[in-house]
> 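Pasting a structure below so you can have a look.
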Number of protein chains: 2
Amino acid sequence: MADPADRALAALGPGRDAAARRRHADNLAGLLRAMAAHGRERDDPVRTVPALLGDRWSSLVMNLLAGGMLRHGELRRLIGAVSSEGGISQRMLTLKLRLLERDGLVARGITAETPPRVEYALTALGAEAHAHYLALLRWTEAATPAIRAARAAFDAGNGPGPRAG
Amino acid sequence: MADPADRALAALGPGRDAAARRRHADNLAGLLRAMAAHGRERDDPVRTVPALLGDRWSSLVMNLLAGGMLRHGELRRLIGAVSSEGGISQRMLTLKLRLLERDGLVARGITAETPPRVEYALTALGAEAHAHYLALLRWTEAATPAIRAARAAFDAGNGPGPRAG
DNA sequence: CTGTATCCAAAATGATACTG
DNA sequence: CAGTATCATTTTGGATACAG
């Protein structure tokens, strides 16, 4: 009764049958083990990496770098040309590139030419992360009709207010 | 020369060789085709679904619902017990549940008992989305040592300021 | 060209009080 | 118990000016 999963399980209402409680107990145990294994801090990779896929620019940056190394200005212009929702600000691009670089997903290098050029490229780790993004994207593309249908149904029948099921 | 990929390609600097330009052209063509196929709007599924995995609560909610249906209050208490970074506010939980419900990833139902109980459960679509989250999570867990090492290296050697490569 | 600093706007989240 | 409304706070993103 002293272990965390049991304590968490106390959050369940009394209306649960034994099978449901067991299912939730297993699920909670897994969650708590995962939380204990890697940190719960805000900047832990298990939080920041999924966040990359959700933020406005990181996945697009990785997408463009998947085509080969690019300079800061090239990235900025390409994003402006592709995103069609207003380009990225110089500040944000620098910020996102730093974050990606810090996590080892993007590499920054200066060529030996004159004048020197600052180039960004995906690392092997970054390519793997990007592959996961592409997998999710493909699923989402396939699921989009179903999602749109769900939205239409929700917006039609279930307005605001306390709905009666 | 009038097609969008060619126009976007103009963002590339003059220093690119033919092979690099071809690679980027292919990459850009794919991106632009995808952008044209589904919308670029902020609430398009291809944007909101990846955002779900990145926001602070949605994936956790799906994770808990993966253990079986749960009530609003149960979810709230379980999140408080598991998240250990402060629980979710009632408002945010309602908001996130509505969003998930609207996209057809979570189903809301009222049981026929007395008193009636409002229950939330993962839909088949939601279970698929959650599976993608788990896949990404597993990869991130495996990659965490590499990411931590990259962060340590970055924080050590490359301070702020114009770094000399 | 790359990058930083500063200030500002918008969005996400939380706290609290309230309704049915 | 489920849900809404309102307000404060935090986070994220953008505009602009500036430095090397």
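Predicted model only: the values in this text are computed from it and were never measured. Protein chains get the first letters and strands the later ones, always in sequence-line order, with residue 1 at the start of each.
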> As a test of reading the structure: which of C:dG3, C:dA15, D:dG3 is closest to the side chain of B:Arg91, going by heavy atoms?
C:dA15
> Using five pairs at either end of the helix from C:dC1-D:dG20 to C:dG20-D:dC1, determine the angle between the two local helix axes and round it to 10 degrees.
30°
> Nearest to the side chain of B:Thr94, which nucleotide is it out of C:dG3, D:dG3, D:dG13?
D:dG3
> Nearest to the side chain of B:His72, which nucleotide is it out of C:dG14, C:dT2, D:dG3?
D:dG3
> B:Glu74 CD to D:dC1 C1': how many Å, rounded?
11 Å
> In whole angstrom, what separates A:Leu95's CG from C:dT2's P?
17 Å
> Within this structure, what is the CZ-to-C1' distance between B:Arg76 and C:dG14, rounded to whole angstrom?
10 Å
> Tell me which nucleotide among C:dG14, D:dG3, C:dG3 gets nearest to the side chain of B:Arg98.
D:dG3
> Quick one: list whatever passes salt bridge (charged side-chain N to carboxylate O under 4.0 Å, His left out) with A:Arg76, sequence neighbours left out.
none
> Between B:Arg23 and A:Gly67 (side chain of the first, backbone of the second, donor and acceptor by atom type, cut-off under 3.5 Å), is there such a pair?
yes
> Between C:dG14, C:dT4, D:dG13, spot the one nearest the side chain of B:Trp57, thanks.
C:dG14
> Any sub-3.5 Å donor-acceptor pair from B:Thr140's side-chain atoms to A:Pro45's backbone N or O?
no
> Please tell me which of A:Gly87 and A:Arg42 maps to the more 5' nucleotide of DNA chain D, matching each residue to the nucleotide holding its nearest heavy atom.
A:Arg42
> Counting only N and O atoms by type, is there a donor-acceptor contact under 3.5 Å from the side chain of B:Glu74 to the main-chain atoms of A:Ala11?
no
> Among the candidates C:dG3, D:dA2, D:dG14, find the nucleotide nearest to the side-chain atoms of A:Arg108.
C:dG3
> In whole Å, what is the span from the CD atom of B:Glu101 to the P atom of D:dA2?
14 Å
> Would you indicate which nucleotide in D:dG3, C:dT13, C:dC1 comes nearest to any side-chain atom of A:Arg77?
C:dC1
> With the threshold set at 4.0 Å, does a side-chain nitrogen-carboxylate oxygen contact exist between A:Arg138 and A:Glu141?
no
> In plain terms, say whether B:Arg148 and A:Asp103 are close enough for a salt bridge, that is, a side-chain N and a carboxylate O under 4.0 Å apart.
no
> Please report, rounded to the nearest Å, how far the P atom of C:dA12 is from the CG atom of A:Asp55.
13 Å
> To the nearest Å, how far apart are B:Ile79 CD1 and C:dT13 P?
12 Å
> Of the nucleotides D:dG3, C:dC1, C:dG14, which has the atom closest to the A:Arg71 side chain?
C:dC1
> Expressed as a whole number of angstroms, how long is the span from A:Gln90:CD to D:dA19:P?
14 Å
> When the distance from OH of B:Tyr120 to P of D:dA2 is rounded to whole Å, what number comes out?
8 Å
> Classify the nucleic acid contact of A:Arg117 as base, sugar-phosphate or nothing, counting any heavy atom under 4.0 Å across all strands shown.
nothing
> For A:Arg21, is the CZ atom crowded, meaning more than 12 foreign heavy atoms sit under 6.0 Å from it?
yes
> Examine the side chains of B:Thr48 and A:Arg151 and answer whether a donor and an acceptor come within less than 3.5 Å of each other.
yes
